[in-house]
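These numbers come from the heavy atoms of this one structure, side chains and all, not from hydrogens, waters or symmetry mates. This is a predicted model, so every value here is computed, not measured. Residue numbers start from 1 in every chain, and the chains themselves are labelled A, B, ... in the order their sequence lines are given, proteins ahead of strands.
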Protein chains: 2
Amino acid sequence: MTTCLHTRLDSLNFLDEDDFALLDRLLERRDKATPGELVVVEMQKVTQTRLIIDGWAYRYRSLANGTRQILNFLIPGDIISFYAMMLPLSDCGVEAMTPMEFAHFPVTDLVETLSGSAHLVLALSWIAGQSERMLDEQITRIGRRNSKSRLAHILVELHVRLRNSGFDKDQACLLPLTQAVLSDALGMSAVHANRSFRALVKDGLIAREKSDIRLMDVTQLSRVADFDHAYLEQTEVPATTLNAIEPKLVPT
Amino acid sequence: MTTCLHTRLDSLNFLDEDDFALLDRLLERRDKATPGELVVVEMQKVTQTRLIIDGWAYRYRSLANGTRQILNFLIPGDIISFYAMMLPLSDCGVEAMTPMEFAHFPVTDLVETLSGSAHLVLALSWIAGQSERMLDEQITRIGRRNSKSRLAHILVELHVRLRNSGFDKDQACLLPLTQAVLSDALGMSAVHANRSFRALVKDGLIAREKSDIRLMDVTQLSRVADFDHAYLEQTEVPATTLNAIEPKLVPT
DNA sequence: CGTCAGTTTGAAAGTCGTCAAGGGCCGTGG
DNA sequence: CCACGGCCCTTGACGACTTTCAAACTGACG
C-alpha cells in the first residue's frame with residue numbers, strides 16, 4: 001500500500017525498511033470524508049493526526065466579519081494536524097473539497113513512533129519545513145502580487161506539488177477548484193477572482209472543465225506567475241545532518 | 001544566563017535540569033549583528049541555526065519586480081533557520097532591524113542535541129508549531145483585513161509575543177518599527193501604511209517616538225484589530241503527549 | 001422542469017498605489 | 001555654531017485596482 005507520502009519520502013533516500021514499517025503501522029486505520037465535510041473544526045480539541053491518502057481539502061480560518069481565509073490546500077501525501085501533539089486546540093478548520101480517504105491515528109501514537117526513529121523525525125521535519133515554505137509563499141503571493149499573477153502562481157504551485165506526490169503530468173493539470181474557493185485562498189472577492197480567471201482563459205493558459213480547472217500551458221503560467229521553482233524543490237537532506245544522528249541509532 | 005527562550009520554555013513545565021543543560025551547551029557561542037546587516041542571505045546555503053538573545057530582525061523574500069514581502073518579525077527567544085538541517089538552501093533572507101545578539105551553532109549540533117532529549121524535540125516542535133500559527137495569522141491579516149485593522153493587528157501580535165518572552169508591559173509597548181518596514185510586512189504601499197498609521201494616531205491608539213512606535217492603548221487596539229488571543233496562548237503540552245515519550249527515556 | 005451551485009457581466013463606489021513635493025530630526029563636517 | 005545630507009515621515013492629487021451590488025446565465029441533477 002504505497003501512499004503519496006511514500007512517494008515524497010522515497011525521494012529523500014535515507015529511510016530504511018524499518019522506518020517504513022513503523023510508518024505503515026501508524027497508517028493502518030483508515031477513514032473517509034465527503035465534500036464539504038469538516039475534518040477539523042475551528043477552536044475545537046484535536047486528538048487525531050491524519051495523513052491524506054486521497055482527495056483534497058483546505059485549511060482555513062473564519063473571521064468575525066463573516067469572511068474566511070483559506071491558508072493552504074491539502075492534497076494526497078499531506079499531513080493534517082501535525083502539531084496537535086503540542087497544540088491540541090485547533091486554530092483553524094479543515095474542510096474536505098472532494099471525497100477523501102485518509103489514515104488517522106491518535107497523536108500519542110505519532111509521538112511514540114517518532115521516538116522510535118530519529119530518521120522519521122527528520123523525514124517529518126522535512127515535510128513540516130516544506131509546508132512552512134509554502135506558507136511563506138502564500139504570504140508573498142497575497143502580499144505582493146497582482147491578482148492575475150496570484151492566480152497563476154497558486155495553480156502552478158498545486159501542479160508542482162501534485163507532481164511531487166507522484167501524479168503524472170496530465171493528472172496534475174486537473175485541479176478541483178471552484179472560483180469561490182480560489183478567491184478565499186487568494187484574499188480577493190469572488191467577482192474579482194472570476195475576472196482574473198477570465199483573463200487567463202482568454203490567454204489560453206487555463207480552461208474550465210465542469211467545476212474543475214485544467215492547466216493548458218504550465219510553462220506559460222509559470223512565466224505569468226513569476227514562479228520560482230526553488231522553494232518546492234525536492235532537495236536532499238545533507239549527509240552531515242544524517243551523520244549527526246547515526247551514532248545514536250547504532251551506538252558503537 | 002537566562003534567555004527569552006528559557007522564559008518561553010519554562011511556561012511549558014516539563015523540561016528538567018538535564019534538558020536545560022543540553023540547551024545551554026548549545027547556546028554557548030554568541031555573535032552580534034548591526035542594524036541592516038543580513039544575518040541570512042536569500043538563496044544561499046545555511047549551516048548555522050541561531051537563537052535571538054536580544055534585538056529584532058525580520059524574515060523576507062524578494063520578488064523579481066523589485067518589491068519584497070516581510071514574512072514575519074523575529075524577536076528575542078525566536079529561532080532563525082530552524083529547518084536548515086533539512087533544507088540547507090535558504091528561501092528567504094533575514095535582516096537585523098536593531099543591534100542584535102544571538103547564539104549560533106552548526107545544524108549538526110542541533111540534530112545531536114535533539115536526539116539526546118525527546119523533551120527538547122517536543123519543546124522545539126512547540127516553538128515551531130507556534131511560528132506556524134503566526135504565519136497563518138499573517139496570511140489571514142493580509143488576505144482578509146482592511147489596512148487599518150491590519151496594522152493594529154500586527155502591533156498587538158508583537159506586543160503579546162514580547163510579553164510571552166518576558167518583557168514587561170511597558171517594554172512591550174515600544175516597537176522598533178518604521179513605516180516602510182510595516183508596509184512591506186502588511187503588503188501595502190508605504191504611503192498607504194502612513195495613512196493607516198495616521199488614522200490610529202488620530203484615535204490616540206498609537207504614537208510615534210523617534211523611529212519607534214508606542215502603543216498607547218492595547219485594549220482598544222485589539223478591538224480595532226479584531227484580535228483573537230487564542231492563537232498565541234501559552235497552552236500546556238498535554239500530559240498524554242508527555243507520557244507517550246517517557247517510556248523511551250526511562251526504559252523499564 | 002425547477003432547483004441549486006457555480007459562473008459571468010456591468011456599473012458604481014471604495015480602497016489603494018503612484019507620483020511628486022515638502023517637513024522634521026539627527027549626525028557629520030566645515 | 002551652522003550647513004548639509006540622509007533617513008524617515010507626511011500630504012495632496014490622480015489614476016489603477018478591487019469590491020460591492022444586482023442581475024442573468026450555465027450545467028448537473030432529481
Find the distance [X]:[atom1] to [N]:[atom2] and express it as a whole number of Å.
X        : N      : atom1 : atom2 : answer
A:Asp184 : D:dT18 : CG    : P     : 16 Å
A:Met188 : C:dT7  : CE    : C1'   : 16 Å
B:Asn65  : C:dG17 : CG    : P     : 13 Å
B:Arg198 : D:dG12 : CZ    : C1'   : 15 Å
A:Leu186 : D:dT19 : CG    : C1'   : 15 Å
A:Leu182 : C:dG6  : CG    : P     : 12 Å
B:Ile142 : C:dC16 : CD1   : P     : 13 Å
B:His192 : D:dC14 : NE2   : C1'   : 16 Å

Between A:Asn72, A:Leu71, A:Ile70, A:Ile154, which is the residue that forms a side-chain contact (heavy atoms from CB on, under 4.5 Å) with A:Gln138?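 The side-chain contact (heavy atoms from CB on, under 4.5 Å) with A:Gln138 is passed solely by A:Ile154 among A:Asn72, A:Leu71, A:Ile70, A:Ile154.
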
Qualifying residue, where the test is side-chain contact (heavy atoms from CB on, under 4.5 Å) with A:Asp31 and the options are A:Gln48, A:Glu101, A:Met100, A:His104: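 That would be A:His104.
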
Pick out the pairs of N or O atoms, protein on one side and nucleotides 10-12 of chain C on the other, that lie under 3.5 Å.
from, atom 1, to, atom 2, distance (Å)
C:dA11, N6, A:Arg195, NH2, 3.0

Phosphate contact (C:dT8 OP1 or OP2) by A:Asn194 side-chain N/O below 4.0 Å: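 It does, given that an N or O in the side chain of A:Asn194 lies less than 4.0 Å from OP1 or OP2 of C:dT8.
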
Could you tell me whether A:Glu137 and A:Arg145 have a side-chain N and a carboxylate O separated by less than 4.0 Å?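 Salt bridge between A:Glu137 and A:Arg145, a charged N being under 4.0 Å from a carboxylate O: yes.
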
Check whether any side-chain N or O of A:Thr98 sits under 3.5 Å from a backbone N or O of A:Gly55 as a donor-acceptor pair, and report yes or no.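 No: the side chain of A:Thr98 does not pair with the backbone of A:Gly55.
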
Within the side chain of A:Gln171, is there an N or O that forms a donor-acceptor pair under 3.5 Å with the backbone of A:Asp168?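 Confirmed, A:Gln171 side chain pairs with A:Asp168 backbone.
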
Ring-face cation contact, A:Tyr231 with B:Arg61, 6.0 Å cut, 45° max: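 Pair B:Arg61/A:Tyr231 counts as cation-pi.
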
Looking only at heavy atoms, what is the nearest atom pair of A:Cys92 and A:Glu42, with distance?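 Looking at all heavy atoms of both residues, the shortest contact is C-CG, 3.5 Å.
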
Minimum heavy-atom distance between A:Ser81 and A:Val46, given as atom pair plus value: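 Closest heavy-atom pair between A:Ser81 and A:Val46: OG-CG1, 3.7 Å.
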
So which one's nearest nucleotide on DNA chain D is more toward 5', A:Ala193 or A:Lys210?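 Looking at DNA chain D, the more 5' nearest nucleotide goes with A:Ala193.
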
Distance-only donor-acceptor hits, side chain of residues 196-207 of chain B, under 3.5 Å, sequence neighbours excluded:
from, atom 1, to, atom 2, distance (Å)
B:Ser196, OG, B:Ser147, OG, 3.3
B:Ser196, OG, B:His192, O, 3.0
B:Asp203, OD2, B:Lys148, NZ, 3.0

Closest-nucleotide mapping onto DNA chain C: is A:Arg144 or A:Leu177 further toward the 5' terminus? I mean the 5' end.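 Its nearest nucleotide lies further toward 5', so the answer is A:Leu177.
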
Collect all protein-nucleotide pairs involving nucleotides 4-8 of chain D in which both atoms are nitrogen or oxygen and the distance is under 3.5 Å.
none

Under 4.0 angstrom, heavy atoms only, what part of the nucleic acid is A:Gly187 near: base, sugar-phosphate, or nothing?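 Since only primed, P, OP1 and OP2 atoms lie under 4.0 Å of A:Gly187, the category is sugar-phosphate.
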
